[in-house]
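To keep things clear, I will list the structure first and then write my remarks on it.
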Amino acid sequence: MKIFQMYEADIYRMAFVYMKNEQDALDIVQETAYKAFDKIETLKEPAYFKTWLVKIAISSSLNRLKQLQRIIPMQVDQLVELPTIKTDAALSLLLKQLINELTTEEKGIVLLKFYEDYTFKEIADTLQMPLGSVKSTLYRAHKKLRYQMEEVDFYG
Amino acid sequence: MDNIKDTVKSIPLPEGLHKRAKMGVAQVKKNRKNRWIYPAAASVFLASSISVGATMNEGINNLVSIVSPELAILLQPINRIAEDEGVKMEVIAAMQDEDMAVIYVTMQGIDGNPIDETLDVYDFSISKGRSFTNQTVHYDKETNTATVRFLSFGGDSANKLKLNIRTLLTNKEIFEDVAIPVDLTEIPQQQVVELPEDTIRGAGGPGGGIDTPNMVLAAGNLNIQTPYYDKMKITNVGIQDDRLYIQTEWTANDAIDHAQFFLVNAKGEKIKSTKGISYGRDETGAPVYNYNYEEIIFDVKDLNLADYQLQSKIYSYGDQVNGKWEATFKLNEMKGRSIPFTEDFAGWKAEKVIVSPLGLTILGKGAPNKLEDMTTTISMDDGTLIEMTSVVSHSENNHVKMKWTADKPLETEHIKVIYINGIEVNL
């Protein structure tokens, strides 16, 4: 349990970017903990525990989003419940862009690249996407996030 | 890059975060304890086969007898089989246009496994689409086979579909207005105690969710049951601080059966419970993480309990089968006729209409905020009018996709005019 505790904040924040509200993000944290410990014996290399959790959290978020759409045809904007952030306006604006303007695919890549510091190869492996698609999707996401960003190393 | 990291880190952490992670872990412990509930899967037989020739097999012949001739002619035979947990799934036939898919599947219980006319495909997914429904449209008692129709809406073009079924519920019964023989005039005052957080599966109701104190009676030894349903019994009742606590024990212990409780007076007026707490107790009555208890709480302030009776509405599923039934199959897409249609509606602007045998799709930009006022009617060459009676709308990233369907397929080559809110769209 302690090992999960080390990562629960990261899992929650990633889930929040996908789910856009606290309750659903907490559901994802619970589901990720459940799935991780339910299948813990299948994890052959403990060093990859966090990578494994991140993968479970992303896949759980995508499944949950699909389920939500199954229950009620919805408008994405109706679900946005941004938290009150007591930081500067630029961060707040960027968070809104991240949550509202990126597709789920773009969110996954941006989170893994910039929040989890994955290499493109690691992102491709985690999301089971071709390397080229990871780069092009990140480029697209980058264009959407209208803020001053340093040059991205697309060969990382 | 650092500002993205800072941005994500700025998302505040809620107080209940660690508790929810703990609940996930506790759930594993609980499920491991109860895996015996489901049919043992010592060696899962999972078969999958493809019929390349698309010959008319028995399944499609039977299906044709169930659906209308207009529909049958559009269906493409599939014949894909998957078998698990003593239930054989066969994808019999399917059809799709650009954004909607219809799949007919038979689920047959073999070796005495439970499939009946109340079959509810509880957990499933389809690779195409954003919203889904399913309905058991036919049941053949002789072969123990249910035919289920799946509908998928809001999808994008795909020449291959995947259907994935995980949980089946059968033997469903609903017991309404069931009187629970509790004498409400003699409810004792009792102390309540707060449940340990890690024993609570869930809590909800207007009286507060899991974050408000979850107070329950001590484990009781009453044995009050209704003759109509023997998997639930009242084990304790008590009053504390103007609240009536009803402690229920669920012997089915699978979290699928459930009930709503009411206090009902002679006029038939119903008072709903204000809170329900789902939790568990072990053999000694000590709270543990499980599904086998639910505490029902009513606010009874200013209420004369002598005027009321405790009643419930019980939802019972006799059998739950968890398994893996998957089929991937190629499916031709029926091409629709696309017609430009520019019109402003509440919150969105239509750009084009596509009409296919499955229905009418209106595509546009924006976010519809009022669907109930929209009407769509199709006038055919022979003067008949077809009213589109059902609509499913999706709006994402400012793109609107709205599917209208009628009670039968459309003969697109015989459509003369489409009326959308009275506006004429000529083909």
Side-chain angles (χ1 to χ4, degrees), chain A residues 1 4-5 8-14 16-17 22-23 25-27 29-38 40 63 66-67 69-78 82-87 90-95 97-98 101 103 110-111 113-117 145 147-150 152, chain B residues 1-32 35 123-127 129-134 152-154 198 209-210 347-348 366-369 371 391-403:
Chain A
M1 183 63 219
F4 189 88
Q5 202 175 343
E8 64 191 17
D10 280 356
I11 299 295
Y12 171 80
R13 287 177 170 133
M14 289 185 71
F16 188 93
V17 171
E22 181 182 312
Q23 280 316 312
L26 283 171
D27 283 348
V29 170
Q30 183 175 340
E31 193 174 326
T32 304
Y34 169 76
K35 287 181 176 169
F37 284 94
D38 192 38
I40 192 83
N63 285 341
K66 209 163 183 178
Q67 282 169 0
Q69 283 166 334
R70 183 195 311 177
I71 296 164
I72 307 165
M74 61 182 181
Q75 293 161 17
V76 170
D77 290 345
Q78 290 174 345
L82 287 178
T84 310
I85 300 169
K86 292 174 185 146
T87 54
L91 279 188
S92 179
L93 177 65
L94 181 56
L95 183 62
Q97 287 183 322
L98 194 60
E101 292 181 19
T103 64
V110 167
L111 284 169
K113 181 72 187 162
F114 301 124
Y115 187 57
E116 296 294 338
D117 300 318
L145 298 173
Y147 70 106
Q148 294 300 315
M149 204 166 122
E150 293 170 36
V152 179
Chain B
M1 287 74 80
D2 280 347
N3 34 5
I4 287 190
K5 191 170 273 187
D6 292 342
T7 298
V8 177
K9 276 188 177 163
S10 73
I11 296 172
L13 298 175
E15 278 181 16
L17 175 61
H18 186 53
K19 182 170 81 180
R20 293 300 294 273
K22 273 169 67 182
M23 283 171 69
V25 178
Q27 214 175 335
V28 176
K29 292 175 187 164
K30 178 260 153 198
N31 281 358
R32 291 202 166 167
R35 274 184 180 167
D123 186 7
F124 72 99
S125 66
I126 299 171
S127 57
R130 291 181 174 78
S131 62
F132 313 94
T133 64
N134 78 87
S152 140
F153 296 95
D198 58 2
I210 201 163
W348 66 291
N369 53 29
L371 280 178
V391 60
V392 178
S393 174
H394 294 92
S395 171
E396 198 173 318
N397 296 333
N398 206 41
H399 288 271
V400 179
K401 197 178 270 186
M402 193 179 282
K403 185 73 171 190

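These numbers were taken from a predicted model, which means no experiment stands behind them.
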Which atom of [X] lies closest to which atom of [Y], heavy atoms considered:
| X | Y | result |
| --- | --- | --- |
| Gly24(B) | Ala33(A) | CA-CB, 4.1 Å |
| Arg13(A) | Lys9(B) | NH2-O, 3.1 Å |
| Ala9(A) | Leu13(B) | CB-CD1, 3.6 Å |
| Leu26(A) | Leu17(B) | CD2-CA, 3.7 Å |

With a 4.5 angstrom heavy-atom cut-off, which part of [X] approaches chain B: side chain, backbone, both or neither?
| X | result |
| --- | --- |
| Asn63(A) | neither |
| Ile11(A) | neither |
| Leu98(A) | side chain |

Rounded distance (nearest 0.5 Å) linking atom CD1 of Ile11(B) with atom CD of Glu22(A): 11.5 Å

Separation between NZ of Lys66(A) and CZ of Arg130(B), rounded to the nearest 0.5 Å: 9.0 Å

Donor-acceptor pair, side chain of Arg20(B) and main chain of Val29(A), under 3.5 angstrom: no

Non-hydrogen side-chain atoms of Tyr115(A) and Lys5(B) separated by less than 4.5 Å: yes

Pairwise side-chain contact, Tyr34(A) with Met23(B), heavy-atom cut-off 4.5 Å (strictly under): no

